[in-house]
Amino acid sequence: MATSTNSNELHAELKAAIAELCRSFPDTYWRELDAKRAYPAEFVDALTKAGYMATLIPEEYGGAGMGVTEATIVLEEIHRSGGNAGACHAQMYIMGTLLRHGSEAQKTQYLPKIARGDLRLQAFAVSEPTTGSDTTRLKTLAVRKGAKYVVKGQKIWISRAEHSDLMLLLARTTPLEEVKKRTEGLSTILVDLRQAVGHGLTIRPIRTMMNHATTEVFFDDLEVPVENLVGEEGQGFRYLLDGLNAERILIASECIGDGRWFLDRACRYANERVVFNRPIGQNQGVQFPLARAYANVEAASLMVAHAAQLFDSHQPCGAQANMAKLLAADASWESANAAIQTHGGFGFAEDYDIERKFRETRLYQVAPISTNLILAYLAEHVLGLPRSY
Ligand SMILES: Cc1cc2nc3c(=O)[nH]c(=O)nc-3n(C[C@H](O)[C@H](O)[C@H](O)COP(=O)(O)OP(=O)(O)OC[C@H]3O[C@@H](n4cnc5c(N)ncnc54)[C@H](O)[C@@H]3O)c2cc1C
């Protein structure tokens, strides 16, 4: 990892090092995995070995001790190279819950192993099939029986569960009818998937329009030791919210990387492709959508950097993190549309990778939070409008 003390230099070194690592994973690597819907194990392994998966883990636990700003550089560069960090990005922000709310014993037990790559904390189980964005109504129950929680319920869209050793679960420990506020009575519990699978936990993969290793997870009286509770029982929703700003900023940086990748490819093609005896890029009808998308990617990138800087200096950043995610997801989607249009028919050919990245970047309008829910947050919490849901 880079060691320079000057942050600009360090950031440039970090970006160059990630770009170098990504050169070993060219378009063909991602394309072949996409066709097979296979997990990029070699890529995740290389990233882990180089220490980048431990970017946010403090040095005392064996990590790089860097901030969200540096983590955005890592993720943006992966996406700018044509890759997809969706296979592993969650480790960066799930670990935050353990770091902020876990006991010292849990931190010393897990974080150094995660930093070394001996343990994977890649899965975060929040979403449920019947309650969707209305998280506080989730139905998975963890009932305490002696020294164990007995978990019953179902989660959906739990990404990377098949490629993780641990899963952070958000479950109800007090039924909804027995709490004063809906946000109370939810808890975060670490599930050791190596022991749980086949002993009360079943994972079923879901094939999606892009390669994302997402799954359904079923809990059928799964027993989890009480010491796996992270933080205080009943406070899990608060812990979830705590981690969401980092998640929003990091995902936004992936969108920026996608946006820049689309524009690089589209401009290259627009200069090379000659129709009617001139490069198609000479036509304003081709130029303007690319120029507009470029302006929006650059503007969104400033918001991502601003939100990351606020986060790293421990200032409130809920509005900025949400706006960063909203603007970056819109800008990457706009760039994707401009890029596929610029490529004409070739935009639909697998060999050009535009259609693959087009499918991949579309996700960010929906997950990890849908655009409408961000707008609802801004309307209520920033603009002071009545809560709409
Ligand atoms: C590929 C993929 C990977 C994922 N990975 C994970 C994961 O690892 N862990 C995890 O826990 N979850 C994961 N998710 C789930 C993701 O976070 C949810 O899909 C997302 O939050 C939206 O929830 P939903 O799908 O239940 O949609 P719903 O809540 O059913 O919403 C459907 C639509 O209605 C709109 N809507 C709903 N309520 C309102 C309202 N009040 N006002 C306006 N519009 C509204 C939404 O914006 C959305 O467009 C993943 C999803 C996908 C597709």
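Quantities reported herein were computed from a predicted structural model and do not represent experimental measurements. One-based numbering, in listed order, for ligands and for the atoms of each.
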Given 3.5 Å as the limit, does a donor-acceptor pair link the side chain of Thr361 with the main chain of Lys357, or not? no
Might you check, step by step, whether the distance between atom 15 (C) of ligand 1 and some protein heavy atom is under 4.0 Å? yes
Mind checking whether Ser159 has an N or O less than 3.5 Å away from an N or O of ligand 1? yes
Among all protein heavy atoms, pick the one closest to atom 24 (P) of ligand 1 and tell me residue, atom and distance. Gly132 CA, 4.2 Å
Salt bridge check: are Lys49 and Asp45 linked by an N-O gap of less than 4.0 Å? yes
Heavy atom of the protein closest to atom 47 (O) of ligand 1 (residue, atom name, distance): Ser370 OG, 2.6 Å
heavy-atom search around atom 7 (C) of ligand 1 in the protein gives Trp157 O, 2.8 Å
Ligand 1 to Met210, heavy atom cutoff 4.0 Å, flagged ligand atoms 1 (C)
Check the orientation of Tyr239 and His101. Use parallel for under 30°, tilted for 30 to 60°, and perpendicular for over 60°. parallel
Assess, by modelled atom type and distance only, whether the side chains of Thr174 and Glu184 contain a donor and an acceptor separated by less than 3.5 Å. no
Under a heavy-atom criterion of less than 4.0 Å, does Val366 contact ligand 1? yes
Numbered in order shown, the ligand 1 atoms found under 4.0 Å of a heavy atom of Pro368 are 17 (O), 21 (O)
Arg356 bridged to Glu360 by N-O distance under 4.0 Å: yes
Only one of Lys139, Arg137, Gln154 clears side chain to side chain donor-acceptor pair (under 3.5 Å) with Thr130; which? Lys139
Could you tell me the residue and atom name of the protein heavy atom closest to atom 35 (C) of ligand 1, and the distance to it rounded to 0.1 Å? Asn372 ND2, 4.2 Å
Quiz question for you: does at least one protein heavy atom lie closer than 4.0 Å to atom 42 (N) of ligand 1? no
Non-hydrogen atom of Ala376 closer than 4.0 Å to ligand 1: no
Is the Lys NZ or Arg CZ of Arg387 less than 6.0 Å from the centre of Tyr389's six-membered ring, within 45° of the axis? yes
Salt bridge check: are Arg80 and Glu77 linked by an N-O gap of less than 4.0 Å? no
So, for atom 12 (N) of ligand 1, does the protein have a heavy atom nearer than 4.0 Å? yes
Arg260/Glu76 salt bridge by N-O under 4.0 Å criterion: yes
Would you mind listing which atoms of ligand 1 come within a distance below 4.0 Å of any non-hydrogen atom of Ser127? 10 (C), 11 (O), 12 (N), 13 (C), 14 (N), 15 (C), 16 (C), 17 (O)
Which is it for Tyr93 and Ile249 under the side-chain contact (heavy atoms from CB on, under 4.5 Å) test, yes or no, and what are the steps along the way? CA-CA 10 Å; Tyr93 47 80; Ile249 299 167; over 6 Å; no
Could you check atom 38 (N) of ligand 1 against the protein and tell me its nearest heavy-atom contact, residue, atom and distance included? Leu373 CD2, 4.1 Å
Heavy-atom nearest neighbour in the protein, as seen from atom 31 (O) of ligand 1, with distance rounded to 0.1 Å: Ser133 OG, 4.1 Å
What atoms of ligand 1 come closer than 4.0 angstrom to any heavy atom of Phe124? 7 (C), 8 (O), 9 (N), 10 (C), 11 (O)
Within ligand 1, which atoms have a heavy atom of Tyr389 less than 4.0 Å away? 41 (N)
Distance filter under 4.0 Å to Leu363 heavy atoms, resulting ligand 1 atoms: 1 (C), 2 (C), 52 (C), 53 (C)
What is the ring orientation for Phe358 with Trp333, classed by angle as parallel under 30°, tilted 30 to 60°, or perpendicular over 60°? tilted
